[in-house]
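To start, the structure itself, in structure tokens.
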Amino acid sequence: MKAAILSILSIVLVVVLIIGNIHWNIRGDSPLSPIHDTHDSTVSQEKSSNSESYFSLDYYMGFAKSWPEQAQQVLEAKLSDKKVFHILLVGSDAIGDEKLGLLTPLKEALASKYNEYVTIERIVYDGTTSDYVSDEAYEALIDKKPDMVIFEPFLLHDNNVVNISTTLTNINEVIKETKESLPDVTFVLMPAHPLYDASLYPMQVSDLEKYAEAEEIPYWNHWEAWPDRKDKKVEDYYKELDGDKTIANEQGFEVWSEYLADKLISE
């Protein structure tokens with residue numbers, strides 16, 4: 001009888017040990033177990049550490065080869081401190097909105113190469129350059145503290161309203177006021193979209209380019225990427241709005257934004 005009891009107890013003990021071992025193995029594999037959490041935490045820390053060690057200044061600067069020299073210097077200083085370089089797109093409604101315009105494709109292109117280290121946003125002003133200066137609307141620009149301003153100076157709004165010499169004086173005032181507050185800021189000038197067979201507007205754009213060259217201000221001539229303004233095909237790249245206003249259409253903004261993206265991102 002005693003031998004039978006010992007045999008039963010031995011069997012029970014073996015069963016308990018087997019069950020306990022199975023339970024321990026399951027617990028070790030569970031995502032809720034402390035052992036698993038500790039492992040994940042270690043892996044996460046290693047990944048974070050590797051991400052930090054893989055930061056390459058040369059990698060990011062390689063994309064900025066076409067930037068104005070001063071902007072490159074500021075970008076390098078900011079990247080060295082792992083700070084954000086901020087671009088501000090300023091113009092009339094000709095630069096479009098987030099749904100159809102320059103901002104969204106440029107934002108996506110910059111994020112794909114510079115990650116979080118280069119950002120872009122826009123300010124749209126509905127008026128002439130004279131209105132912009134008299135309203136001191138450039139204060140909103142200054143408040144954004146941009147490192148680079150890509151400026152489309154409302155030429156289509158000034159067209160037949162403000163003399164080009166006054167337009168250029170106004171542009172100069174905007175740049176001067178901004179640089180007094182932000183001495184390291186870089187301005188880049190560009191026109192709005194081209195118009196088919198226009199007369200006065202191309203002359204204004206030509207004078208803007210000459211002004212930029214004389215003042216050593218970078219000028220990004222995206223018209224190079226469009227069909228020739230004397231070719232009726234260019235009408236396929238913009239659309240008419242109410243009155244005599246026009247704005248680039250999807251095809252036009254694609255050409256324009258790709259040109260700017262190529263300037264901001266050298267492959």
Side-chain angles (χ1 to χ4, degrees), residues 52 55-92 95 102-103 105-125 129 132-155 167-192 208-222 256-257 259-267:
E52 290 294 314
F55 179 90
S56 170
L57 181 63
D58 291 340
Y59 170 79
Y60 291 113
M61 291 303 300
F63 294 125
K65 292 176 183 176
S66 297
W67 289 28
E69 185 176 346
Q70 184 180 14
Q72 288 189 48
Q73 293 172 359
V74 174
L75 175 64
E76 185 172 10
K78 294 229 166 184
L79 286 172
S80 297
D81 293 333
K82 295 193 179 171
K83 293 182 179 178
V84 175
F85 184 100
H86 187 46
I87 300 172
L88 188 61
L89 189 61
V90 179
S92 65
I95 65 174
L102 298 175
L103 182 63
L106 289 178
K107 191 180 286 188
E108 292 173 353
L110 289 168
S112 72
K113 298 299 183 182
Y114 296 99
N115 299 322
E116 73 271 23
Y117 295 110
V118 177
T119 62
I120 187 168
E121 61 180 317
R122 73 183 175 97
I123 290 180
V124 171
Y125 182 79
T129 55
Y132 193 73
V133 170
S134 63
D135 292 345
E136 297 185 352
Y138 48 76
E139 293 292 346
L141 182 165
I142 295 170
D143 288 343
K144 296 287 187 181
K145 293 182 171 56
D147 298 297
M148 180 159 62
V149 177
I150 303 176
F151 189 21
E152 180 275 301
F154 326 126
L155 284 189
T167 296
L168 299 179
T169 298
N170 291 335
I171 293 170
N172 198 63
E173 181 68 12
V174 171
I175 294 174
K176 180 178 75 68
E177 290 290 339
T178 304
K179 282 186 170 289
E180 284 182 2
S181 299
L182 305 170
D184 293 330
V185 70
T186 295
F187 270 83
V188 174
L189 295 176
M190 67 174 180
L208 176 67
E209 185 172 8
K210 291 174 184 174
Y211 161 80
E213 184 178 357
E215 296 295 325
E216 297 183 338
I217 301 169
Y219 180 83
W220 288 354
N221 183 17
H222 61 92
W256 192 351
S257 62
Y259 176 91
L260 295 180
D262 286 343
K263 286 290 188 180
L264 294 169
I265 303 168
S266 296
E267 297 287 359

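Quick note: numbers below take in every heavy atom, side chains included, and nothing from hydrogens, waters or symmetry partners.
To the nearest 0.5 Å, atoms CH2 (Trp67) and CD1 (Ile87) are separated by 4.5 Å. For the atom pair CD1 (Ile175) and CD1 (Ile217), the distance works out to 3.5 Å, reported to the nearest 0.5 Å. Atom CG in Asp143 sits 8.5 Å away from atom CD1 in Ile123 (nearest 0.5 Å). The CG atom of Leu57 sits 10.5 Å away from atom NZ of Lys82, with the distance rounded to the nearest 0.5 Å. Atom CD of residue Glu267 and atom OG of residue Ser66 lie 10.5 Å apart, to the nearest 0.5 angstrom. To the nearest 0.5 Å, atom CD1 of residue Ile95 and atom CE of residue Met190 are 6.5 Å apart.
Looking at Met148 and Pro68, their side chains come closer than 4.5 Å, going by heavy atoms from C-beta outward. Side-chain atoms of Phe187 and Thr178, non-hydrogen and from C-beta on, do get closer than 4.5 Å to each other. At a threshold of 4.5 Å between non-hydrogen side-chain atoms, the residues Pro191 and Tyr219 count as touching. Here the side chains of Ile171 and Thr167 are in contact, with some heavy-atom distance below 4.5 Å. For the pair Val149/Tyr138, no side-chain contact is recorded, criterion being any heavy-atom separation below 4.5 Å from C-beta on. Side-chain contact check for Thr186 versus Val74: every heavy-atom pair is 4.5 Å or farther apart. Leu106 has its side chain out of reach of Arg122: every pair of non-hydrogen atoms, C-beta onward, lies at least 4.5 Å apart. Proximity of Val185 to Lys179: side-chain heavy atoms (C-beta onward) are separated by under 4.5 Å at one or more points.
The minimum heavy-atom distance between Ile142 and Leu182, with the atom names listed, is O-CD1, 4.0 Å. For Ile265 against Leu110, the heavy-atom pair with the smallest separation is CD1-N, 4.0 Å. Shortest non-hydrogen contact noted between Leu102 and Ser257 is CD2-N, 3.7 Å. Counting all heavy atoms, side chain and backbone alike, Gln72 lies closest to Met61 at O-CE, 3.5 Å.
Of the possible donor and acceptor atoms, none in the side chain of Glu216 sits under 3.5 Å from a partner among the backbone N and O of Pro218. For Tyr259 (side chain) and Asn221 (main-chain N/O), a donor-acceptor pair under 3.5 Å exists by modelled atom type.
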Atom pairs and distances, donor-acceptor, side-chain atoms in residues 112-121, under 3.5 Å, two or more places apart:
unit_1	atom_1	unit_2	atom_2	d
Ser112	OG	Ala109	O	2.6
Tyr114	OH	Phe63	O	3.0
Tyr114	OH	Ala64	N	3.4
Tyr114	OH	Leu264	O	2.6
Asn115	ND2	Tyr60	OH	2.6
Thr119	OG1	His86	ND1	2.8
Glu121	OE1	Lys144	NZ	3.3
Glu121	OE2	His86	NE2	2.7

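The environment of Lys176 atom NZ is dense: over 12 non-hydrogen atoms of other residues, nucleotides or ligands sit within 6.0 angstrom. Counted within 6.0 Å of CD on Glu69, heavy atoms from surrounding residues, nucleotides or ligands total 12 or fewer; the atom is thus considered open. Taking a 6.0 Å sphere around CD of Glu213, one finds it holds 12 or fewer heavy atoms contributed by other residues, nucleotides or ligands.
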Next item on the list: Go through the steps for Leu88 and Leu141 under the test side chain to side chain contact (heavy atoms under 4.5 Å, CB included), then give the verdict.
Entry: CA-CA 8 Å; Leu88 188 61; Leu141 182 165; 3.9 Å; yes
Margin query: Apply side chain to side chain contact (heavy atoms under 4.5 Å, CB included) to residues Phe154 and Asn170 and explain how you reach the verdict.
Written below: CA-CA 11 Å; Phe154 326 126; Asn170 291 335; over 6 Å; no
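In this view, Lys145 satisfies the salt bridge (Lys or Arg N to Asp or Glu O under 4.0 Å) rule with no residue, not counting sequence neighbours.
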